[in-house]
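Everything on this sheet refers to the single structure shown next.
Quick caveat, the model's predicted, so the values are computed rather than measured. Ligands are counted one by one from 1 in listed order, and the atoms in each one are counted from 1 as well.
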Amino acid sequence: MIIHEKIEHHLQELEACGRITVKFGVPLSEYCTFRIGGIADIAVHPTDEAALTDVLSYFSKNEIPFVIIGNGSNVLFADEGVSGAVVFTDKLSAINCSGTVITAGAGAPLTLTSSIAGRNGLAGLEFAYGIPGSIGGAVFMNAGAYGGEMSDVVVETRCYNAKTGKIITVKGDEHAFGYRESCFKKNSMTILSTTIQLKESDPSEIKLKMNEYMRARSEKQPLEYPNAGSVFKRYPGYYTGKLIEDLGLKGYRIGGAEISQKHAGFIVNRDHATADDVLELIAYIKEQIKKAHGIELECEIRYIV
Ligand SMILES: Cc1cc2nc3c(=O)[nH]c(=O)nc-3n(C[C@H](O)[C@H](O)[C@H](O)COP(=O)(O)OP(=O)(O)OC[C@H]3O[C@@H](n4cnc5c(N)ncnc54)[C@H](O)[C@@H]3O)c2cc1C
């Protein structure tokens, strides 16, 4: 995409007012846990919610495609990069705790939110401790682990529709949560903040649970190499990692991408992997699983072009 001078100038003006930081021609590999990806034409970090909605509305009016990224822990950016703007929510990171309710900005780290809940004697978010995402990414994905998921605790989510310029509040069932599913996957809304309902409990018990989950993560997951979490969704009745492991595929490599030797449900970036290496490896795994079990695996990781 050729960035029009007018657009560049407008964004630089917003930056001069301290409302956003903006960079042009940014390597996306620096903005995701996979450490893979080409160049983004425009990378924007709005400093607050009003700056975020203003900049999205501007992109929408000027027909500049954009994608929202939290912590980039569930994405694979294309080798060709992303045409248009990548908008990061990292600065919308406020976490407010009142009684048994926590309201967190889209960019608030999930693990920090879980930790703050625990310190305040609030149970319900222990499962999220150690998931390296943002609140926005976690609601979008309905992130979950160890028998819990965001749908158990989220009561309402404020979000922005860049086309209409309206902020709305999605409540309860309107989130349409399912296994790694939410309404936000379909409605293109940008999550601004979410409100979580927790229960009073003993902080030391909460802490014990969180430490146990963290220990299990570092024991089972290949945290020593860049990755984007579980590649595939669980297929009903099966553990995907086990299916892949049983086919003897642990350690199988294409280019720099490898099926983790520690956990076959993960692909790791062993050696300067490209997005194409990862995509080829995903296709290979799907083909092998289809041949062996007749089932079609579905990706959990989001491919961003
Ligand atoms: C080592 C490791 C372990 C993991 N363990 C788990 C686990 O146990 N359970 C689990 O569920 N996941 C796990 N994940 C995956 C990932 O951390 C979660 O899905 C997380 O919730 C994604 O959050 P994020 O901010 O990184 O989202 P991103 O990767 O930045 O984005 C993911 C998707 O959400 C969209 N999005 C992000 N923010 C917004 C927003 N504000 N508004 C609208 N759309 C938005 C993006 O456009 C993208 O499509 C793991 C990942 C890694 C690397």
Is it the side chain (CB and beyond), the backbone, both or neither of Ala106 that lies under 4.0 Å from ligand 1, heavy atoms counted? side chain

To which protein heavy atom is atom 8 (O) of ligand 1 closest, and what is the distance rounded to 0.1 Å? Arg217 NH2, 2.9 Å

Distance under 4.0 Å to a non-hydrogen atom of Leu223: what atoms of ligand 1 satisfy this? 1 (C)

Nearest non-hydrogen protein atom, atom 9 (N) of ligand 1: Gly144 O, 2.7 Å

Please report which non-hydrogen protein atom sits nearest to atom 45 (C) of ligand 1, along with the residue it belongs to and the distance in Å to one decimal place. Phe140 CD1, 4.0 Å

Quick one: does any side-chain atom of Asp277 pair with a main-chain N or O of Ala273 as donor and acceptor, under 3.5 Å? no

Does only the side chain of Ala228 get under 4.0 Å from ligand 1, or the backbone, or both, or neither? Count heavy atoms. backbone

Taking the side chain as every heavy atom from C-beta outward, state whether Glu126 and Glu205 have any pair of such atoms under 4.5 Å apart. no

Determine whether His9 and Glu13 make a side-chain contact, defined as any pair of heavy atoms from C-beta on separated by less than 4.5 Å. yes

Would you say Ser230's side chain and Glu300's backbone share a donor-acceptor pair under 3.5 angstrom? no

If we number the atoms of ligand 1 from 1 as shown, the ones under 4.0 Å from a heavy atom of Asn227 are 1 (C), 2 (C), 52 (C), 53 (C)

Nearest-neighbour protein heavy atom for atom 46 (C) of ligand 1, which is reported as residue plus atom name and distance: Ile68 O, 3.1 Å

Is there at least one pair of N or O atoms, one from Gly72 and one from ligand 1, spaced under 3.5 Å apart? yes

4.5 Å side-chain heavy-atom contact, Thr190 and Thr53: no

Please identify which atoms of ligand 1 are closer than 4.0 Å to at least one heavy atom of Gly70. 25 (O), 30 (O), 37 (C), 38 (N)

Honestly, for Asn142 the part within reach of ligand 1 (heavy atoms, under 4.0 Å) is neither

For Ile259 and Ala264, which heavy atoms make the closest approach, and how far apart are they? CG2-O, 3.6 Å

Measure the shortest side-chain to side-chain distance between Phe34 and Val278 over non-hydrogen atoms and say whether it is less than 4.5 angstrom. yes

Give the residue and atom name of whichever protein heavy atom lies nearest to atom 21 (O) of ligand 1, and the separation in Å to one decimal. Ala138 CA, 3.2 Å

Check whether any side-chain heavy atom of Gln261 lies under 4.5 Å from a side-chain heavy atom of Val268, and answer yes or no. no

Report, in ascending order of atom number, the atoms of ligand 1 lying under 4.0 Å from any heavy atom of Ile69. 30 (O)

Winner among Met141, Arg302, Glu300 once heavy atoms are compared against atom 12 (N) of ligand 1: Glu300

Suppose we measure from atom 37 (C) of ligand 1 to each protein heavy atom; which comes out shortest, and what is that distance? Gly137 CA, 3.6 Å

Using a 4.0 Å heavy-atom threshold (strictly under), name the region of Glu149 that reaches ligand 1: side chain, backbone, both or neither. neither

Identify, for atom 16 (C) of ligand 1, the protein heavy atom at the shortest distance, and state residue, atom and that distance. Ser73 OG, 3.2 Å

Using a 3.5 Å distance criterion without hydrogens, assess whether the side chain of Asn269 forms a donor-acceptor pair with backbone atoms of Pro226. no

Pairs of nitrogen or oxygen atoms closer than 3.5 Å, one from Thr190 and one from ligand 1: do any exist? no

Within 4.0 Å of some non-hydrogen atom of Gln221, the atoms of ligand 1 are 1 (C), 3 (C)

For atom 4 (C) of ligand 1, state which one of Ser182, Pro132, Ser193, Ser230 supplies the nearest heavy atom. Pro132

When distances are taken from atom 25 (O) of ligand 1, the protein heavy atom at minimum range is Ser134 OG, 2.6 Å

If you take the nearest heavy atom of each of His263, Lys185, Met189, which one is closest to atom 43 (C) of ligand 1? Met189

Looking at ligand 1, does any of its N/O atoms fall within less than 3.5 Å of an N/O of Ile191? yes

Would you say the side-chain atoms of Ser182 pair up with the backbone N or O of Phe177, donor to acceptor, closer than 3.5 Å? no

Under 3.5 Å: donor-acceptor pair, side chain of Asp152, backbone of Gly148: no

Are Tyr213 and Tyr146 close enough that their ring centres sit under 6.0 Å apart? yes

Are the side chains of Val170 and Cys159 in touch, meaning some heavy atoms are under 4.5 Å apart? yes

Any non-hydrogen side-chain atom of Ile135 less than 4.5 Å from a side-chain atom of Ile196? yes

With a 4.0 Å heavy-atom cut-off (strictly under), which part of Thr33 contacts ligand 1: side chain, backbone, both or neither? side chain

Which atoms of ligand 1 are found less than 4.0 Å from any heavy atom of Ala145? 8 (O)

Can you get from Ile267 to Leu223 by hopping between Ile, Leu, Val, Met, Phe, Trp and Tyr side chains that sit under 4.5 Å apart? no

